[in-house]
Amino acid sequence: MGNWGGTAVARATVAELREFAAEAGYAGVDGDEDLGGGWSAVHYPDRPDGAETAAALLARRTGAPVLTVAYLDSDVGFVEAATFAGGRWKALLNRDTAADHEIPVDRFPVEAALAGALDWAAAGGLTADPEGIRAVLTGSAPCAEELTDRLVGALGIAPAAQG
């Protein structure tokens, strides 16, 4: 059985992001990670209503860029991202699988997402890898969560060392 929930990533402590996520409607956070460099992720079982608004609310609350990904049975990831200054972008992860689900992939242009992702990373003081981001946005994987991890890395957020 796949994941129907999602992930939110922001520059905040894990405790802060858990609190902010609950305020933004991400109920039942069931996991979290310290990604290093002041960035954290929380994982939630259900996508909140108005997730795009929730991403913007999280960005205002944290004062930093926020990336959210909602999963469709782990097959597809719907990316919504926002910056504190109001910039937003969206993307689709696992485009081939999305097309199999009859999701209109043309509503998620890769070049627009790439430009938004680079602006988002710059707003967060990150050094992004444009070709790495493009590879994620056009690539495929057995699970959309794997593409989320690669996207976070390509945006310049390096996961904390595992000990």
Side-chain angles (χ1 to χ4, degrees), residues 1-84 87-105 107-108 113 116-117 120-121 124 126 133 136-137 139-163:
M1 181 172 196
N3 184 353
W4 288 87
T7 300
V9 176
R11 180 176 283 146
T13 67
V14 168
E16 290 169 338
L17 187 52
R18 278 181 159 273
E19 177 186 337
F20 300 157
E23 291 172 5
Y26 294 88
V29 169
D30 59 4
D32 54 50
E33 304 174 65
D34 179 346
L35 301 176
W39 292 83
S40 299
V42 293
H43 309 285
Y44 45 89
D46 296 305
R47 180 181 174 148
D49 292 333
E52 185 172 342
T53 304
L57 176 62
L58 273 173
R60 284 192 303 276
R61 187 71 168 93
T62 63
V66 171
L67 174 85
T68 64
V69 184
Y71 302 112
L72 173 67
D73 200 23
S74 290
D75 291 339
V76 177
F78 296 93
V79 178
E80 298 282 353
T83 65
F84 179 74
R88 293 184 184 184
W89 62 280
K90 64 182 181 176
L92 188 62
L93 302 179
N94 247 0
R95 295 174 77 80
D96 291 341
T97 304
D100 292 344
H101 283 280
E102 299 182 9
I103 296 168
V105 298
R107 293 186 183 170
F108 300 90
W120 183 94
L126 301 168
I133 295 169
V136 171
L137 296 178
S140 63
C143 296
E145 294 86 347
E146 181 181 327
L147 292 171
T148 298
D149 291 343
R150 287 195 259 168
L151 178 60
V152 168
L155 287 167
I157 302 170
Q162 302 295 315

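- Scanning all heavy atoms of the two residues, the minimum distance from Leu126 to Gly156 falls at CD2-O, 3.7 Å.
- Between Arg88 and Trp120 there is no side-chain heavy-atom pair separated by less than 4.5 Å.
- Without hydrogens or angle criteria, Arg11 side chain to Pro65 main chain gives no donor-acceptor distance under 3.5 Å.
- Considering CD1 of Ile157 and CG of Leu67, their distance stands at 7.0 Å, rounded to 0.5 Å.
- The closest donor-acceptor contact from the side chain of Asp96 to the backbone of Ser140 lies at 3.5 Å or more, if one exists at all.
- Residues Ala82 and Ala59 share a closest heavy-atom pair of O-CB, 3.8 Å.
- Between Ala10 and Leu17 the shortest heavy-atom distance is CB-CD1, 3.9 Å.
- Residue Asp75 holds its CG atom at 7.5 Å from CG of Asn94, rounded to the nearest 0.5 Å.
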Run the salt bridge (Lys or Arg N to Asp or Glu O under 4.0 Å) test on Glu23 and Arg61 for me, step by step, so that the C-alpha distance in whole Å, both residues' side-chain angles and the decisive distance to 0.1 Å come before the verdict. CA-CA 9 Å; Glu23 291 172 5; Arg61 187 71 168 93; 2.8 Å; yes
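- With contacts defined as side-chain heavy-atom distances shorter than 4.5 Å, the pair Thr68/Phe78 does not qualify.
- Nearest heavy-atom pair across Leu58 and Ala21 is CD2-N, 3.7 Å.
- Atom CG of Leu147 and atom CG of Leu137 lie 9.0 Å apart (nearest 0.5 Å).
- With contacts defined as side-chain heavy-atom distances shorter than 4.5 Å, the pair Val79/Leu92 does not qualify.
- Looking only at distances, no side-chain donor or acceptor of Arg95 sits under 3.5 Å from a matching main-chain atom of Gly139.
- Taking the side chain as every heavy atom from C-beta outward, Thr7 and Glu145 never approach each other to under 4.5 Å.
- Minimum heavy-atom separation, Phe108 to Pro104: CD1-O, 3.8 Å.
- Summarising the geometry, atom OG1 belonging to Thr13 is positioned 7.0 Å from atom CZ belonging to Phe20; distances are rounded to the nearest 0.5 Å.
- A donor-acceptor contact shorter than 3.5 Å is absent between the side chain of Asp32 and the backbone of Val14.
- Looking at heavy atoms from C-beta onward, Leu93 lies out of side-chain contact with Val76 at the 4.5 angstrom threshold.
- The OG1 atom of Thr97 lies 11.0 Å from the CG atom of Asp73; values are rounded to the nearest 0.5 Å.
- The shortest side-chain heavy-atom distance between Glu19 and Val29 does not fall under the 4.5 Å cut-off.
- Residues satisfying the side-chain contact (heavy atoms from CB on, under 4.5 Å) criterion with Ala144, sequence neighbours excluded, are Tyr71.
- Nearest heavy atom pair, residue Lys90 against residue Arg107, reads CE-O, 3.6 Å.
- Glu16 has its side chain out of reach of Thr62: every pair of non-hydrogen atoms, C-beta onward, lies at least 4.5 Å apart.
- In this structure the side chain of His43 reaches within 4.5 angstrom of the side chain of Asp30, judged on heavy atoms.
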